[in-house]
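Inspection log for the structure reproduced underneath, given as structure tokens.
Order of the sequence lines sets the chain letters (A, B, ...), proteins ahead of strands, with each chain counted from 1.
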Amino acid sequence: MAYWLMKSEPDVYGIDDLKRDKQEPWDGIRNYQVRNMFRDQMQIGDIAFFYHSNCKIPAITGLMTIVSGAYPDITQFDPESKYFDGKSDPKNPRWLLVDVKYKRKLKREISLKELKAHEQLQDFRLNQKGNRLSVIPVGKKEWDLILDLE
DNA sequence: GCCAACGTTGGC
DNA sequence: GCCAACGTTGGC
């Protein structure tokens, strides 16, 4: 089983939205690296941190489970969607997604500031400057360290 | 709101 | 295939 961190802007879709919806397609990914991770590496049963990005206090806020394999993101074919991609061929969809299921909220949010200050997390990908990937693989050691902060 | 970092696009 | 221009992400 693998561990992940997945970013979302709380103003758009936050941990409380997932708590309400219980399960949700993680749509809108328009980055090839992330698509490839969905397709080639993610497995049903993997666990992910829910991370709030681009907000007042960027932080890990909850846990969720990957509950599907990768399949086409239908928003790419919807001209009304902000994720519409006219260059994607319906016979060979360019963009994929996975379904995620709410697991739980953390007892307290673990902020990016706190993660960056952690001595043993200096190499953590989220802490690297200029890292814009919205889905990040997390090592078991890092995963445990972070959960211990809770 | 600013801007650094990075990805994508398209002319050549 | 190079690279300048442009767009997006996301911390601050």
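Put simply, A/Tyr51 has no side-chain N or O that comes within less than 4.0 Å of OP1 or OP2 on C/dT9. Applying the 4.0 Å criterion to OP1 and OP2 of C/dT9, one finds that A/Lys7 has every side-chain N and O outside that range.
The nearest whole Å value for the distance from the CH2 atom in A/Trp95 to the P atom in B/dG7 is 13 Å. Here the P atom of nucleotide C/dG11 and the CG atom of A/Leu115 are 11 Å apart, to the nearest Å. Distance, A/Asp11 CG to C/dG10 P: 13 Å, rounded to whole Å. Between A/Lys113 atom NZ and C/dC12 atom P the separation is 10 Å, expressed in whole Å. Atoms NE2 (A/His52) and C1' (C/dT9) sit 17 Å apart, rounded to a whole Å. Spacing between atom CG of A/Leu133 and atom P of B/dG7 amounts to 7 Å, rounded to whole angstrom units. For the pair A/Asp85 CG and B/dT8 P, the computed distance is 12 Å after rounding to whole Å. Rounding to whole angstrom units, OH of residue A/Tyr83 and P of C/dT9 are separated by 8 Å.
Closest approach to the A/Lys129 side chain among C/dG11, B/dG7, B/dA4 is made by B/dA4 (side chain taken as heavy atoms from C-beta onward). Nearest to the side-chain atoms of A/Leu112 among the listed nucleotides C/dC12, B/dG10, C/dG10 stands C/dC12. Among C/dG10, B/dT9, B/dT8, the nucleotide with an atom closest to any side-chain atom of A/Tyr32 is B/dT8.
Among residues two or more places apart in sequence or in another chain, the side chain to side chain contact (heavy atoms under 4.5 Å, CB included) test is passed with A/Leu149 by A/Arg108, A/Ile110, A/Glu114, A/Leu115, A/His118.
Between A/Arg20 and A/Asp16 there is no salt bridge, since none of the side-chain N atoms of the basic residue sits less than 4.0 Å from a carboxylate O of the acidic one. Looking at A/Asp73 and A/Arg30, a side-chain N of the basic residue comes within less than 4.0 Å of a carboxylate O on the acidic one, giving a salt bridge. In this structure, A/Arg104 pairs ionically with A/Glu150, as a charged nitrogen and a carboxylate oxygen lie closer than 4.0 Å.
Among A/Ile29, A/Asn31, A/Leu133, A/Val98, the one residue that satisfies the side chain to side chain contact (heavy atoms under 4.5 Å, CB included) test with A/Met37 is A/Leu133.
The residue A/Gln33 sits close only to the backbone: its heavy atoms come under 4.0 Å of sugar-phosphate atoms, none of a base. Nucleic acid contact class of A/Lys116 (heavy atoms, under 4.0 Å, all strands): sugar-phosphate only.
Mapping A/Asn54 and A/Lys87 onto DNA chain B by nearest heavy atom places A/Asn54 at the nucleotide closer to the 5' end.
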